[in-house]
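As structure tokens, the structure follows; a few thoughts come after it.
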Amino acid sequence: MPAHYPIHLAEEALWLLADKAVYWPTRKCLLIADAHFGKASAYRSLGQPVPQGTTTDNLQRLDRLLAAFPGAQVVFLGDFLHGPGSHASGTLNALRAWRERHADVGLTLIRGNHDKRAGDPPVDLNIEVVTEPLLMGPFALQHEPDAHASHHVLAGHVHPVYRLRGKGRQSLRLPCFLLGNQVSLLPAFGAFTGGYSVTQEEGSRIFVIGDHEVWPVR
């Protein structure tokens with residue numbers, strides 16, 4: 001079982017996972033935002049020296065999650081592929097091999113801004129692609145963090161990170177979950193995505209991910 005922090009949101013139990021995802025027990029559903037598969041290969045195609053192996057790392061973490069939560073469906077909250085350069089053969093072959101190992105898992109993608117640029121995933125990956133919002137229970141599952149008239153929004157897009165400060169000039173910039181009154185943000189799942197610093201405002205809760213654990217910011 002991966003490290004998780006149980007919370008209640010919109011009267012539903014959710015688990016915030018140290019693997020930068022959310023598990024919804026009553027729906028047996030994994031929520032993943034901003035995987036950005038193929039981002040590194042897209043940068044390399046432009047001649048930029050960037051790390052290799054990020055797609056492999058992302059897929060290995062997905063393997064761990066699906067092993068821990070058998071029978072779970074996966075909903076990607078946008079930005080599955082990073083851009084047109086993500087259709088490189090190495091990236092797509094890795095995704096196809098992963099999909100063959102998990103052929104029975106239901107996959108849904110809510111189109112994000114990068115998906116519109118990259119195009120939908122190849123048909124043989126068997127991913128249902130929908131536009132936002134996807135309404136499930138009390139939640140509006142979206143890519144863009146825009147409030148919904150009747151549902152609590154779970155979204156990605158922002159890649160939230162939070163800076164913890166210690167004595168002197170010590171600080172750590174960590175990926176985080178930001179839970180608000182109407183809109184809550186998931187961290188970027190991808191291993192090469194960057195982040196946008198967020199602050200804790202009245203009525204919000206922040207949970208940082210560090211040392212393979214999820215920690216509430218007091």
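Residues take their numbers from the sequence shown, with the count starting at 1. Reckoned from all heavy atoms, side chains included, excluding hydrogens, waters and symmetry mates. Source: prediction; values computed, not measured.
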[X] vs [Y] side-chain heavy atoms within contact, under 4.5 Å:
X    : Y    : result
V198 : I206 : yes
R111 : D120 : yes
P175 : H159 : no
L65  : F189 : yes
L141 : P133 : no
L178 : S204 : yes

Can [Y] be reached from [X] by stepping across I, L, V, M, F, W or Y side chains whose heavy atoms are under 4.5 Å apart?
X    : Y    : result
W98  : L81  : yes
V105 : L31  : no
V129 : L134 : no
Y196 : V153 : yes
Y5   : L154 : yes

Which residues satisfy the side chain to side chain donor-acceptor pair (under 3.5 Å) test with [X], sequence neighbours excluded?
X    : result
N93  : none
H152 : S184
N126 : none
R163 : S171

[atom1]/[X] to [atom2]/[Y] distance, rounded to the nearest 0.5 angstrom?
X    : Y    : atom1 : atom2 : result
K116 : D79  : NZ    : CG    : 10.0 Å
L17  : R61  : CG    : CZ    : 11.0 Å
L95  : F37  : CG    : CZ    : 5.5 Å
D104 : R101 : CG    : CZ    : 12.5 Å
E201 : N181 : CD    : CG    : 10.0 Å

For [X] and [Y], which heavy atoms make the closest approach, and how far apart are they?
X    : Y    : value
L92  : P122 : CD2-CG, 4.0 Å
F80  : P121 : CD2-CG, 3.8 Å
V158 : P145 : CG2-CG, 3.8 Å
R205 : H8   : NH2-O, 3.1 Å
A21  : F177 : O-CZ, 3.4 Å
P160 : L185 : CG-CB, 4.0 Å

Considering only distance and modelled atom types, tabulate donor-acceptor pairs under 3.5 Å from the side chains of residues 69-76, sequence neighbours left out.
none

Keeping the roles fixed (side chain from H151, backbone from P138), state whether a donor-acceptor pair exists under 3.5 Å. no

Under 3.5 Å: donor-acceptor pair, side chain of Q142, backbone of A155: no

Residues 207-218, side-chain donor-acceptor partners within the protein, below 3.5 Å, at least two apart:
unit_1	atom_1	unit_2	atom_2	d
W215	NE1	G210	O	3.0

Audit row: Y23, L16, side-chain contact (heavy atoms from CB on, under 4.5 Å) steps and yes/no: CA-CA 7 Å; Y23 182 63; L16 308 181; over 6 Å; no

Residues H157 and N113: side-chain donor-acceptor under 3.5 angstrom: yes

Under 3.5 Å, is there a donor-acceptor pair between the H102 and D63 side chains? yes

Does the pair R64 and D19 meet the rule for a side-chain contact (heavy atoms from CB on, under 4.5 Å), with working shown? CA-CA 9 Å; R64 289 200 300 269; D19 270 315; 3.2 Å; yes

Any chance you could lay out the side-chain contact (heavy atoms from CB on, under 4.5 Å) test for E12 and W24, step after step, and finish with the verdict? CA-CA 8 Å; E12 283 284 332; W24 186 355; 2.8 Å; yes

Name the one of L109, L62, L107, L77 that satisfies side chain to side chain contact (heavy atoms under 4.5 Å, CB included) with I32? L62

Criterion side-chain contact (heavy atoms from CB on, under 4.5 Å) on L30 and V22, from CA distance to verdict: CA-CA 6 Å; L30 283 164; V22 169; over 6 Å; no

Taking R99 first and then D124, would you say they form a salt bridge - that is, a charged N and a carboxylate O separated by under 4.0 Å? no

NZ or CZ of R173 within 45° of Y162 ring axis and under 6.0 Å: no

